[in-house]
**Student:** 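First the structure, then my questions, so here it is.
Numbering of ligands and ligand atoms starts at 1, following listing order. Just so you know, these numbers come straight off a predicted model, no measurement behind them.
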Amino acid sequence: MNPTWVTSLPAGTESGQYLTLDLGGTNLRVCRVDLHGSDREYDVIRTEHRIPEDLKSSTAERLWKFIASCLRQFFDQHSISVQAAQEIPLAFTFSYPVTQHSLSHGILQRWTKGFNISGVEGRDVVKDLGEALDKEVRAQRKSSSIHAGSIIVVQGLPLRIVALVNDTVGTLMASAYVDTKTQIGSIYGTGSNAAYMERCDQIPKMKTSGLYGDALMAINCEYGAFDNSERVLPFTRYDVEIDQSSPRPGQQRYEKLVAGLYLGEMMRLILADLYDRHKIFQGRNGSGLKQPYVLDSCSLANIENDQTRSLTSIRNMLQETFNITSDFSESYFCRCVARLISRRSVRLYACGIAALLKKRGMQHCHVAVDGSVFSKYPRFPDRVMEALKEVLGLPEEGDDHIRLVPAVDGSSVGAAVIAAVAMAREEGCPGL
Ligand code: GLC
């Protein structure tokens, strides 16, 4: 449960132009966000880069260099012109657990979602990113091959990182900017987590902060780490295997049951186990089943979605991914397993949201959800809602006081809103 130093939901009148960098589990997004300052409107220009697989287990130097060069490309592509005197505020969405003593600093506690980059844990990621951006500018200045259009090179890049933001908090703020009923921001994608606003007198970590008891603070729950001590959740042997073979065994135990990164791998482990026990794909070469993480959550969604009479897509998928020919009953079995895996994921995901609703006694609100599992899986929003109603004891039909809503434009807009509030505060602007 990490205090984030975001102390209010947006007013909807925040304005200005911001750059945002968003390092998630799969992509790096670079955006320019224009908050119009009225009618809760904004514009976004965005580019997305897939994070190379080998970068995820490389070094800090490579990570920061990658981010800095994506930012430079963004400037080049969009011919963003910067006057040397004009400082551009940048908000950095960094979707990993950090300890923050202020909005614009944060020490990475530990990598999650399969990342294992050396030289970042225990360090201030804002400082290290800032230094990398500085280096990039200086290196580019020296290079003679730079074309004249790269304003970033010609005039330098007076960037200032004004906020470090978790994706859940970004999601909460972005959605609250356009929808005042939003009280929770959540991610259900490669990882899974949520953020909400808490009273400071309910936050033991804020005891000595000097903030008043009824002042609010956004909490990044980091509840992917729930039950690392294995006291509550029923772990299967496949969960244990996923945990043990991950770069951080014993960490993120709840997340490893719920999040998209692990759903396909769960399916692969089950099939590989049954193959080894001669229960499935008998007489065929099962070596393709031995390759970790070949099956992603998208393929799992496709398996579940196959409504064809002869289950053609499942058969094709098994062939392409594992190089295995399957008959009808095996394909049917795979679809049943895929449904079990996603059903467990949905129901456990709903528990996290239910816990927050109960903790704050929220009975009428919107929960903004972002992430590929939520948006790509068939009927996921309905299925989560169904589970949520069951946990909270709400009537199955006719009660829509709590609604799960797809998040607005991801966390970039939220990060910009947070930057806007922070800057307005710095300038002593009342009311923000
Ligand atoms: C992981 C990260 C967390 C992030 C979540 C969703 O749980 O630790 O910070 O919010 O993934 O991306």
**Student:** In order of chain and number, which residues sit within 4.0 Å of ligand 1 by heavy atom?
**Tutor:** Ser95, Tyr96, Pro97, Thr112, Lys113, Asn166, Asp167, Thr168, Ile187, Gly191, Ser192, Asn193, Glu222, Gln252, Glu255
**Student:** Among Ile187, Thr93, Thr182, find the one that has a side chain to side chain contact (heavy atoms under 4.5 Å, CB included) with Thr171.
**Tutor:** Ile187
**Student:** For Trp64, enumerate each residue passing the ring-ring contact (aromatic ring centres under 6.0 Å, His included) test, keeping only those at least two apart in sequence or located in another chain.
**Tutor:** none
**Student:** Quick one, Gln251 with Asp243, criterion side chain to side chain contact (heavy atoms under 4.5 Å, CB included). Give me CA distance, side-chain angles, the key distance, then yes/no.
**Tutor:** CA-CA 8 Å; Gln251 299 289 345; Asp243 179 48; 5.9 Å; no
**Student:** Is Glu390 paired with Arg347 through a side-chain N to carboxylate O contact shorter than 4.0 Å?
**Tutor:** yes
**Student:** Could you check whether Arg268 makes a cation-pi contact with Phe322, meaning its NZ or CZ is under 6.0 Å from the centre of the six-membered ring and within 45° of the ring axis?
**Tutor:** no
**Student:** Quick check on the 6.0 Å ring-centre criterion: do Phe374 and Phe380 meet it?
**Tutor:** no
